[in-house]
Amino acid sequence: MSQIAQALQEIHSQLPDGTRLVAVSKYHPAEMIEEAYRCGQRIFGESHVQELQEKRPLLPDDIEWHFIGHLQTNKVKYIAPYISLIHSVDSPHLLHEIDRQGARFSRRIPCLLQLHIAQEETKYGFLPDELLDYMHGGEWRSMEHVQICGLMCMASNVDDETQIAREFSRAHAIYNKVKEDFFSLDASFRECSWGMSDDFPIAVQHGSTLVRIGSRIFGHRGY
Ligand SMILES: *Cc1c(COP(=O)(O)O)cnc(C)c1O
């Protein structure tokens, strides 16, 4: 069995029913994606628009492409026709642009709102209070071309598993509150995107429905 096949099998054995795997293929060539595809993997995550645009035509049509990196508003138009889920909506402005591009292509684009929970790491994402304020503001209710399907977050890049667990648990509590207050009747709000190569076993204990795993499948990225 190839290393990729083995890694996929090992990860799947640790995922509960209801948690899906996003294979993060950024910086890896199409051939490696194809190999994971041959093992049955269908969801792939990329974090750079240009790289995704270059690789997608080389690969099977039934791949579900997820965008997981910081997305500049001026690049939304390139991925709007086909992207299956944008995990990393980190501002009202970006959501608005996704709605605009969704309208151009007559589709409703599935999105997750990115929470900023980690101590440092990234400057991107809604702080918990900002997210709740934004939801209360209600502007999103009139956006007919985005579908808010849940939340995404990254934990701090630390060894302290207690801290990581605390962060995922906090994200899950915020997810539950947003679900209850704004989406209790909306079955499409159901995704918690957390967990990467090093922390996904902790994430699945705290409600993760989508884990985003790269290096554990494809090895280290050459950058
Ligand atoms: C690169 C990346 C991942 C995957 O990271 P690994 O540690 O390689 O599993 C997950 N989420 C985001 C947002 C990323 O940019």
Side-chain angles (χ1 to χ4, degrees), residues 3-15 19-30 32-33 35-36 39 41-53 55 63-72 75-76 79 83-91 94 98 110-126 131 149-161 163-165 167-168 171-172 175 191-223:
Q3 251 169 32
I4 287 178
Q6 206 167 345
L8 286 169
Q9 202 176 70
E10 210 172 284
I11 292 163
H12 277 294
S13 74
Q14 295 178 66
L15 296 182
T19 305
R20 294 184 296 157
L21 170 63
V22 180
V24 175
S25 47
K26 64 185 182 199
Y27 302 113
H28 291 294
M32 288 176 84
I33 300 176
E35 186 173 345
C39 302
Q41 181 64 29
R42 290 294 179 272
I43 308 177
F44 291 89
E46 289 281 339
S47 55
H48 300 276
V49 169
Q50 191 184 334
E51 185 182 345
L52 173 54
Q53 292 286 98
K55 286 196 263 190
I63 286 181
E64 252 188 65
W65 292 104
H66 288 199
F67 197 83
I68 63 168
H70 175 61
L71 180 56
Q72 288 169 281
K75 299 203 172 148
V76 175
I79 61 171
I83 202 76
S84 291
L85 181 64
I86 300 175
H87 290 233
S88 43
V89 178
D90 54 13
S91 73
L94 178 58
I98 296 169
C111 290
L112 306 179
L113 301 177
Q114 181 174 351
L115 257 182
H116 184 167
I117 287 270
Q119 267 181 337
E120 3 73 43
E121 298 318 308
T122 164
K123 52 186 184 293
Y124 301 119
F126 291 83
L131 181 76
C149 298
L151 304 183
M152 179 270 225
C153 82
M154 272 184 267
S156 300
N157 185 15
V158 294
D159 290 331
D160 180 356
E161 297 197 349
Q163 180 181 344
I164 294 169
E167 291 174 356
F168 287 144
H172 196 215
Y175 165 84
E191 304 291 2
C192 294
S193 169
W194 39 86
M196 310 186 359
S197 287
D198 291 335
D199 59 17
F200 80 91
I202 307 174
V204 298
Q205 291 174 353
H206 297 278
S208 172
T209 63
L210 287 167
V211 291
R212 311 178 308 268
I213 299 182
S215 45
R216 193 173 282 252
I217 301 169
F218 296 111
H220 285 289
R221 296 177 281 269
Y223 65 91

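The figures that follow rest on heavy atoms only: side chains count, while hydrogens, waters and symmetry mates do not. Ligands are counted one by one from 1 in listed order, and the atoms in each one are counted from 1 as well.
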Sub-4.0 Å heavy-atom approach of Arg216 to ligand 1: no
Main-chain N/O of Thr19 paired with Thr209 side-chain donor or acceptor, under 3.5 Å: no
Atoms of ligand 1 close to Ile213 [distance to a heavy atom under 4.0 angstrom, numbered from 1]: 9 (O)
Pair Glu167-Gln163, side-chain donor/acceptor within less than 3.5 Å: yes
Other residues, nucleotides, ligands: >12 heavy atoms within 6.0 Å of Asp160 CG: yes
Partner of Tyr27 under side chain to side chain contact (heavy atoms under 4.5 Å, CB included), chosen from Met32, His48, Glu46: His48
Min N/O separation Ser215 to ligand 1 under 3.5 Å: yes
Atoms in ligand 1 with a heavy atom of Gly214 nearer than 4.0 Å: 4 (C), 6 (P), 8 (O), 9 (O)
